S.K.: 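Have a look at this one.
In what follows, every heavy atom counts, from backbone to side chain, and hydrogens, waters and symmetry copies are set aside. Computed from a prediction, not measured in an experiment: that's the story for all the values here. Chain letters run A, B, ... following the sequence lines, proteins first and then strands; every chain starts at 1.
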Amino acid sequence: MFFLRSCYFHCSPRLALDLRLVSPLARSLSSAVKPYSSSSSLRRPFSLSSSSRPPPGRKMSSKPSAFDALMSKARAVAAEKKKKKRKSPDPAPVENPSDGSKSDSAAVEAKVDGSEAVTGGSRPIEVKGSNPEKRPEQKKAKKADSSTERVKELKGKIHLLKKKPADFSPKAVACWGEGERVPFVFLCLAFDLISNETGRIVITDIVCNVLRTVMTTTPDDLVAVVYLLANRIAPAHEGLELGIGEALIIKALAGACGRTEAQIRNQNKELGDLGLVAKASRSSQSTMRKPDALTIVKVFDTFRLIAKESGQSSQEKKKNHIKALLVAATDCEPLYLIRLLQTKLRIGLAEQTLLAALGQAAVYAEKHSKPSTDVQSPLEEAPKIVKQVYSILPVYDKIVPALLTDGVWKLPKSCTFTLGIPVGPMLAKPTKGVSEILSKFQDMVYTCEYKYDGERAQIHYKEDGSVEIYSRNAEHNTGKFPDVVATVSRLKKEDVKSFVLDCELVAYDREKKKILPFQILSTRARKNVVLSEIKVDVCIYAFDMLYLNGKPLIQEQLKHRREHLYDSLKEEPGFLQFATAITSNDIEEIQTFLDAAVNASCEGLIIKTLDRDATYEPSKRSNNWLKLKKDYMDR
DNA sequence: AAAGAAGCTTC
DNA sequence: CTCGGAG
DNA sequence: CTCCGAGGAAGCTTCTTT
């Protein structure tokens with residue numbers, strides 16, 4: 001069945017038509033194996049496997065041609081658009097630390113020295129006796145030498161991070177001076193420690209201790225540390241991307257350690273991880289001094305530089321940035337450098353754990369207010385607060401400083417919802433059938449809405465009349481939907497000054513008054529779209545209001561939010577409509593409604609609590625919203 | 001100028 | 001988007 | 001239950017190569 005499917009996909013829409021003739025066969029095949037599940041995430045204009053799509057063969061003849069027309073139109077436009085302006089060329093790339101290299105420091109033995117572990121290591125390291133003669137070289141030699149010393153020292157102490165935070169002294173591991181830039185190795189060694197753990201609690205503890213260490217030595221570095229721990233370079237809504245992939249990393253790696261790309265690729269196959277390849281690669285270049293040891297801030301800044309390169313030979317420049325980092329890297333640094341660049345840390349540490357650790361760390365660092373009021377268990381509460389706050393204001397640049405100056409307990413006050421910064425969209429839990437809905441929502445009042453097959457959007461309308469659109473992942477989408485911007489401005493009611501709308505943007509044929517498949521929506525251009533060139537129209541299906549006239553509505557029950565929604569916008573078919581909804585607890589009625597949704601080209605239903613446990617829960621896959629998709633129902 | 005490779009986003 | 005595993 | 005990490009199809013955009 002896989003063959004059938006992929007075959008279908010690689011065909012032109014025209015050919016797809018013909019293939020549809022066999023769809024009954026395809027269907028029986030797929031259901032014989034495993035009903036729909038393996039295809040549930042696939043998109044297709046006309047489904048082979050989904051029983052609830054319009055019956056194959058029936059009345060299909062009109063639709064496909066419309067589809068064809070649209071697709072080819074869309075393609076024609078796309079083709080036209082290629083005459084885009086390019087950035088003016090930058091001066092040719094220069095630099096290349098090609099012969100920076102390794103003094104073979106990397107193989108240092110991790111001779112653990114338990115006794116020394118607890119002593120304060122936080123003085124700027126000074127040189128020890130056994131040392132250089134050369135005058136001019138001396139300074140650098142000292143540096144290099146002291147940094148290998150540092151690595152040794154850190155290796156001996158790093159395990160202390162595993163202590164329960166209560167028994168951990170924030171200065172125990174630091175081997176750098178107060179206010180001194182935190183060395184990148186410190187982070188990498190912590191990563192190593194974490195990668196050997198599987199339990200979330202232990203990992204959280206380690207991260208917590210890392211954060212506290214930085215907080216007490218070099219709080220200025222905390223933002224950078226947090227970003228690297230989160231494996232991000234900027235808040236999502238700023239849209240800063242590394243633009244680094246496997247191919248470029250291989251090139252950089254090859255350049256940095258004097259091997260061929262083919263060698264790298266082969267070893268990558270063996271080891272299954274470019275990071276490991278980096279770790280295993282010793283530079284075969286000339287043996288000169290190593291550049292200065294990497295600091296966390298240096299690495300973070302370089303990442304951002306990489307992200308900002310663009311235009312002609314930007315790839316070359318990016319590659320050189322990476323090479324420079326690699327050349328300066330020692331020990332386990334290359335491994336994590338590469339993984340960070342790939343955005344695949346895969347050590348069992350990700351956002352949620354980091355946020356929890358941040359909360360915990362703040363509790364220990366708290367000299368500010370005590371749990372102000374009557375917080376029972378600060379160590380449980382603080383992570384919740386940080387997570388909550390982050391879901392509403394996902395910007396470390398704001399949260400971390402606020403945490404440092406005012407502490408956790410004031411965080412909800414100092415970091416609040418801000419127009420122009422998207423909150424994490426609330427998500428729905430998958431369910432398998434109407435009966436499951438009924439049992440989960442027992443005695444609740446709930447409402448059912450069509451689940452439209454489009455793109456999630458969060459639309460911010462500001463007091464000054466400007467509009468910003470964000471995607472499900474907080475990408476800045478305003479430039480992609482100038483038509484939506486216009487629609488929203490036009491259909492907002494007079495007295496409405498500002499709002500945040502949660503909705504689905506769906507491709508729509510205004511002539512036939514029909515919803516079009518997702519695949520057509522996805523053919524729209526994505527950047528700097530000009531209103532007059534739009535070929536695929538979009539209808540806004542609005543279903544929630546998160547903010548209105550200066551007031552957040554997130555804490556309100558859906559019932560109220562929805563009233564605000566209905567009161568603030570005017571509907572206009574094909575442009576802006578409220579999600580079709582019924583409020584019922586009758587199984588038959590819901591089943592019928594579901595069928596209607598599917599008939600109306602929707603994916604299924606979203607069922608939501610209405611007036612109890614019905615607040616908006618940003619970025620949560622909440623139990624208050626359940627989704628019922630035709631694709632994964634067992635019937 | 002056009003084609004191809006790589007990267008990123010959506011679901 | 002879906003899925004499965006670990007805790 | 002929560003969180004992490006693995007996986008996938010299809011589409012557009014950017015940069016390099018031809």
Side-chain angles (χ1 to χ4, degrees), chain A residues 2 5-6 8-11 13 34 36-45 71 74-75 77-79 81-87 89-90 194-195 197-204 231 236 239-251 272 307 309-319 339 341-356 383 387 427-430 451-457 470-477 479-480 504-507 517-529 536 603 619-623 627 629 631-632:
Chain A
F2 210 89
R5 205 186 313 125
S6 31
Y8 175 82
F9 275 72
H10 292 122
C11 300
K34 196 182 169 196
Y36 314 142
S37 60
S38 66
S39 65
S40 61
S41 68
L42 296 182
R43 293 271 166 191
R44 55 197 93 68
M71 287 301 275
R75 291 212 170 96
V77 177
K81 239 178 241 162
K82 298 222 164 162
K83 50 159 192 184
K84 275 224 165 171
K85 45 100 208 246
R86 278 279 148 84
K87 280 202 170 178
D90 284 306
I194 292 168
S195 68
E197 301 295 333
T198 54
R200 234 178 301 153
I201 295 175
V202 185
I203 292 177
T204 308
N231 205 350
L240 196 60
E241 305 299 331
L242 275 171
I244 295 287
E246 192 167 282
L248 195 53
I249 291 179
I250 289 177
K251 282 182 191 159
E309 296 288 4
S310 74
Q312 204 174 33
S313 58
S314 55
Q315 303 297 292
E316 186 70 16
K317 291 180 196 161
K318 289 183 186 203
K319 192 182 80 183
R339 289 202 185 165
L341 286 167
Q342 288 179 306
T343 341
K344 285 180 173 188
L345 220 34
R346 48 182 228 178
I347 57 175
L349 167 66
E351 200 115 76
Q352 292 309 305
T353 308
L354 170 61
L355 291 170
K387 287 183 185 185
L427 306 170
K429 283 246 164 74
K451 183 180 192 306
Y452 295 89
D453 192 1
E455 214 176 297
R456 186 86 175 263
Y470 300 95
S471 75
R472 176 199 149 112
N473 294 315
E475 298 292 324
H476 195 208
N477 254 347
K480 180 177 174 183
E504 192 83 8
L505 303 180
V506 182
F518 174 85
Q519 205 175 26
I520 293 203
L521 179 67
S522 75
T523 64
R524 277 184 58 127
R526 293 168 190 179
K527 295 204 155 169
N528 308 312
V529 174
V536 175
E603 286 186 304
S619 48
K620 276 227 182 82
R621 196 167 292 281
S622 164
N623 277 317
K627 63 176 161 186
K629 278 171 69 168
D631 278 358
Y632 45 61

S.K.: Please determine, for the side chain of A:K429, which listed nucleotide (D:dT14, D:dC15, D:dT2) has the closest atom?
M.R.: D:dT2
S.K.: Atom CD of A:E246 to atom P of B:dC8: distance rounded to whole Å?
M.R.: 12 Å
S.K.: Describe the nucleic acid contact of A:L521 in one word from base, sugar-phosphate, nothing, applying a heavy-atom distance below 4.0 Å.
M.R.: nothing
S.K.: Within the structure, does a side-chain N or O atom of A:K344 lie under 4.0 Å from either OP1 or OP2 of D:dA6?
M.R.: no
S.K.: Have a look at A:I250 and say if it touches a base, only the backbone sugar-phosphate, or nothing, with a 4.0 Å heavy-atom cut-off.
M.R.: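 Result for A:I250 = nothing.
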S.K.: Of all residues at least two apart in sequence or in a different chain, which pass the side chain to side chain donor-acceptor pair (under 3.5 Å) check with A:Q315?
M.R.: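 Not a single residue meets the side chain to side chain donor-acceptor pair (under 3.5 Å) criterion with A:Q315.
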S.K.: Let me know the distance between CD1 of A:I249 and P of B:dA6, rounded to the nearest Å.
M.R.: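 These atoms are roughly 13 Å apart.
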S.K.: Indicate, with a heavy-atom threshold strictly under 4.0 Å, whether A:K387 touches base, sugar-phosphate, or nothing.
M.R.: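 The answer is sugar-phosphate, as A:K387 gets under 4.0 Å only of primed atoms, P, OP1 or OP2.
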S.K.: Run the side-chain donor-acceptor check on residues 342-350 of chain A: report pairs under 3.5 Å with partners two or more places apart or on a different chain.
M.R.:
{"residue": "A:R346", "atom": "NH2", "partner": "A:D273", "partner atom": "OD2", "Å": "2.9"}

S.K.: If only side-chain N and O atoms of A:S471 are considered, is one of them under 4.0 Å from the OP1 or OP2 phosphate oxygen of B:dT9?
M.R.: no
S.K.: Would you say A:Q519 places a side-chain N or O within less than 4.0 Å of OP1 or OP2 belonging to D:dG11?
M.R.: yes
S.K.: Atom NZ in A:K627, atom CZ in A:R621: separation rounded to 0.5 Å?
M.R.: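 One gets 5.0 Å once the value is rounded to the nearest 0.5 Å.
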S.K.: Nearest-Å distance, CD (A:E351) to C1' (D:dT2)?
M.R.: 15 Å
S.K.: What residues form a side chain to side chain donor-acceptor pair (under 3.5 Å) with A:N623, not counting sequence neighbours?
M.R.: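 Residues passing side chain to side chain donor-acceptor pair (under 3.5 Å) with A:N623: A:K429.
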S.K.: Nearest to the side chain of A:N623, which nucleotide is it out of D:dC1, D:dC15, D:dC4?
M.R.: D:dC1
S.K.: Could you check if a side-chain atom of A:V506 sits within less than 4.5 angstrom of a side-chain atom of A:L521, using non-hydrogen atoms only?
M.R.: no
S.K.: Looking only at side-chain atoms of A:A525, point me to the closest of D:dG11, B:dG7, D:dT13.
M.R.: D:dT13
S.K.: Between A:R346 and D:dA6, is there a side-chain N or O to OP1/OP2 distance below 4.0 Å?
M.R.: yes
S.K.: Consider the side chain of A:E603, meaning its heavy atoms from C-beta on, and name the nucleotide among D:dT16, D:dT13, B:dC11 that approaches it most closely.
M.R.: B:dC11
S.K.: Dump the pairs, protein N or O against N or O of nucleotides 5-7 of chain C, anything under 3.5 Å, distances to one decimal.
M.R.:
{"residue": "C:dG7", "atom": "OP1", "partner": "A:T198", "partner atom": "OG1", "Å": "2.3"}

S.K.: Can you tell me the distance, in whole Å, between the CZ atom of A:R526 and the C1' atom of D:dG11?
M.R.: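 So the two atoms are 5 Å apart, to the nearest Å.
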S.K.: Please report the distance, rounded to the nearest Å, between CD in A:E475 and C1' in D:dC12.
M.R.: 14 Å
S.K.: Check side chain to side chain donor-acceptor pair (under 3.5 Å) between A:K480 and all other residues, then give those that pass, not counting sequence neighbours.
M.R.: A:E455
S.K.: Rounded to the nearest 0.5 Å, how far apart are CG of A:N477 and NZ of A:K527?
M.R.: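 NZ of A:K527 is found 10.5 Å from CG of A:N477.
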S.K.: Specify the separation, in whole Å, of atom CG of A:L354 and atom C1' of D:dC4.
M.R.: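 These atoms are roughly 14 Å apart.
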S.K.: Expressed as a whole number of angstroms, how long is the span from A:Q342:CD to B:dA6:P?
M.R.: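 It is 15 Å, rounded to the nearest whole Å.
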S.K.: For D:dC15, take OP1 and OP2 only and decide whether either is under 4.0 Å from a side-chain N or O of A:K317.
M.R.: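 A:K317 to D:dC15 OP1/OP2: no side-chain N or O under 4.0 Å.
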S.K.: Restricting to side chain to side chain contact (heavy atoms under 4.5 Å, CB included), what partner residues turn up for A:L240, sequence neighbours left out?
M.R.: A:I233, A:A234, A:R304, A:A307, A:K308
S.K.: Starting from C1' on B:dC11, measure out to CD on A:E504 and report it in whole angstrom.
M.R.: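 Computing the A:E504:CD to B:dC11:C1' distance gives 10 Å.
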S.K.: Under 4.0 Å: is that the gap between some side-chain N or O of A:N473 and OP1 or OP2 of B:dT9?
M.R.: no
S.K.: Give a yes/no on whether any side-chain N or O of A:K318 is located under 4.0 angstrom from OP1 or OP2 of D:dT16.
M.R.: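 Negative; the distance criterion is not met.
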